[in-house]
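Scroll down for the structure; my scribbles are underneath it.
Only this structure's heavy atoms are used, side chains among them; waters, hydrogens and symmetry mates stay out. Quick note: residue numbers are just sequence positions, from 1.
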Amino acid sequence: MGSTAHTSNVTELILSGIFQDPEVQRACFVVFLLVYLATVMGNGLIVLTVSVSKSLHSPMYFFLSYLSFVEISYSSTIVPKVITDLLTKIKTISLQGCITQIFFFHFFGVAETLLLTVMAYDRYVAICKPLHYTTIMSRSVCHSLVAGSWLGGLIHSMIQILITFRLPFCGPNVIDHYFCDLHPLFKIACTDTFVEGIIVFANSGLFSVISFLTLVSSYIVILVHLRNHSAEGRRKALSTCASHITVVILFFGPAIFLYLRPSSTFTEDKLVAVFYTVITPMLNPIIYTLRNAEVKNAMRRLWGKKGNSAVERQ
């Protein structure tokens, strides 16, 4: 065993996919394609609106545009491959491709986690320390917080990849999932992955729980603080916080469910994973814009300008 500890004769992996029924796969192809297009267009529209609109230059929208950019990137590491796989009988991915997918999936996932935490901090400062808001949340601080989110994602992903690189794969090469993640990969490694499982539990599971608890406690502090505000101020602040809390629950619920327990792949794991890889990235722009009059007005103005300039050209 010692001599084969770090050798792999597996260069290509086969993904089992989500459903085996060809009819169901074709239906999923249509649904996933539409959801992915909605994700890219919805989040892209937020990025464009925030960058163009003068009224949306506050830190809250600066973070929101980065969150939307991360959503597009996060979804794009998984969904296009899943969509094309739904039309193929045998779904293959190279070992390098698999490791690359794990890297970017975790990189954008953790960057999003940290951005949501940054957004909670931004709301905390805006509501609890309004007089010092512009000083505390200066442009340089905002840029540093976003850079910190990217750095956190990079460190987390590097740990995941170092774990994966050390694993030997000598067959079988079928992963019981529809994309590459660590738990399904551990199951086909030809070595005991107990220690690696513990590292992933700490690196992904505990990280998710700590981030989630930090976010929940920050929103509790904000809600307690809101008791002293006027009814109008309270309503406006609650509206913003409600969208943040909804996104946080949608994002963290599945992640905690999947990573905070021993390595095993159930059918419901795949369905939970579909929720946070395919559905949630599309929901975020809807949740943020539906409850936010400023973003909606800025979008109307943006499209109004576009329409007017098109009319003028004619």
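Put simply, CG on Asp122 and OG on Ser218 are 11.0 Å apart, with the number rounded to the nearest 0.5 Å. Interatomic distance, Met119 CE to Leu145 CG, rounded to the nearest 0.5 Å: 12.0 Å. Once rounded to the nearest 0.5 Å, the distance linking CD1 of Ile222 with CZ of Arg123 reads 8.0 Å. To the nearest 0.5 Å, atom CG of residue Leu87 and atom SG of residue Cys28 are 11.0 Å apart. The distance from atom CG of Leu45 to atom CE of Met41, rounded to the nearest 0.5 Å, is 8.5 Å. Distance check, rounded to the nearest 0.5 Å: NE2 of His106 to NE2 of His156 gives 5.0 Å.
Panel note: side chain Ser75, backbone Ile72; no donor-acceptor pair is recorded below 3.5 Å. A side-chain donor-acceptor contact under 3.5 Å links Arg227 to the backbone of Val224. Under a 3.5 Å cut-off, the side chain of Lys91 and the backbone N or O of Asp85 do form a donor-acceptor pair. Put simply, the side chain of Thr84 gets close to the backbone of Lys81: a donor and an acceptor are under 3.5 Å apart. The main-chain N or O of Phe251 is never found under 3.5 Å from a side-chain atom of Thr280 such that the two would form a donor-acceptor pair. Remark: the backbone N or O of Phe69 is paired with a side-chain donor or acceptor of Ser73 at under 3.5 angstrom. Side-chain atoms of Asp181 do not come within 3.5 Å of backbone N or O of His183 as any donor-acceptor pair. Checking side-chain atoms of Tyr276 against main-chain N and O of Pro281 turns up no donor-acceptor pair under 3.5 Å. Remark: the backbone N or O of Thr77 is paired with a side-chain donor or acceptor of Gln101 at under 3.5 angstrom. Between the side chain of Thr193 and the backbone N or O of Glu196, no donor-acceptor pair lies under 3.5 Å.
Side-chain atoms of Ser55 and Ser53 form no donor-acceptor pair, as typed in the model, at a separation below 3.5 Å. Side chains of Thr49 and Tyr61: a donor-acceptor N/O pair is absent below 3.5 angstrom, by distance only. At a cut-off of 3.5 Å, with distance as the only test, no side-chain donor of Tyr74 or Thr277 sits close to an acceptor on the other residue.
Val110 and Leu182 fall into different hydrophobic clusters, where Ile, Leu, Val, Met, Phe, Trp and Tyr residues are linked whenever their side-chain heavy atoms come under 4.5 Å apart, directly or through other members. Under the 4.5 Å side-chain heavy-atom criterion for ILVMFWY residues, no single connected hydrophobic cluster contains both Val70 and Leu114. By the rule that hydrophobic residues join a cluster once side-chain heavy atoms approach within less than 4.5 Å of another member, Leu223 and Val125 end up as members of one cluster. Under a hydrophobic-cluster definition in which Ile, Leu, Val, Met, Phe, Trp and Tyr are linked whenever side-chain heavy atoms come within less than 4.5 Å, directly or via other members, Leu131 and Tyr121 are assigned to different clusters. Taken together through direct or relayed side-chain contacts under 4.5 Å among Ile, Leu, Val, Met, Phe, Trp and Tyr, Val24 and Val82 form part of one hydrophobic cluster.
Closest approach of Thr39 and Glu71 over heavy atoms only: CG2-O, 4.5 Å. Closest of all the heavy-atom pairs between Pro168 and Thr191 is CD-CG2, 3.4 Å. Taking both residues in full, the closest heavy atoms of Val50 and Leu56 are given as CG1-O, 3.8 Å, listed atom of the first, atom of the second, then distance. In this structure, Val174 and Ile188 approach most closely via the heavy-atom pair O-CG2, 3.3 Å. Closest heavy-atom contact between Lys270 and Tyr178: O-CE2, 3.6 Å. Residues Phe32 and Ile18 approach most closely at CE2-CD1, 3.6 Å, considering heavy atoms.
Between Phe62 and Ser58, the closest side-chain pair of non-hydrogen atoms is not below 4.5 Å. Within the 4.5 Å cutoff, the side chain of Ile159 has heavy atoms near those of the Ile163 side chain. Contact annotation: the side chain of Ser94 never approaches that of Leu13 to less than 4.5 Å [non-hydrogen atoms, C-beta and beyond]. Under the 4.5 Å side-chain criterion, counting only non-hydrogen atoms from C-beta, Cys98 is not in contact with Phe179. Looking at heavy atoms from C-beta onward, Cys241 lies in side-chain contact with Ile127 at the 4.5 angstrom threshold. Cys180 is listed as a side-chain neighbour of Ile93, based on a closest heavy-atom distance under 4.5 Å. At least one side-chain heavy atom of Met158 sits less than 4.5 Å from a side-chain heavy atom of Phe103. Residues Ile46 and Met299 are in side-chain contact: their nearest non-hydrogen atoms beyond the backbone lie under 4.5 Å apart.
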side-chain contact (heavy atoms from CB on, under 4.5 Å) evaluation trace for Trp150 with Leu154: CA-CA 6 Å; Trp150 291 119; Leu154 184 65; over 6 Å; no
Are Asn284 and Glu112 close enough, and set up right, to give a side-chain contact (heavy atoms from CB on, under 4.5 Å), and what steps lead you there? CA-CA 12 Å; Asn284 286 4; Glu112 177 167 350; 3.6 Å; yes
Carefully, step by step, assess Phe169 and Thr11 under the rule side-chain contact (heavy atoms from CB on, under 4.5 Å). CA-CA 9 Å; Phe169 299 100; Thr11 54; over 6 Å; no
Should Asn297 and Arg300 be marked as a side-chain contact (heavy atoms from CB on, under 4.5 Å) after you check the CA-CA gap, both sets of side-chain angles, and the distance that decides it? CA-CA 5 Å; Asn297 292 337; Arg300 280 195 203 102; 2.9 Å; yes
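Atom CD1 of Ile90 is surrounded by 12 or fewer heavy atoms from other residues, nucleotides or ligands within 6.0 Å. Tyr124 OH: 12 or fewer foreign heavy atoms inside a 6.0 Å radius. Within 6.0 Å of atom OH in Tyr219, more than 12 heavy atoms from other residues, nucleotides or ligands are found, so the atom counts as buried in its surroundings.
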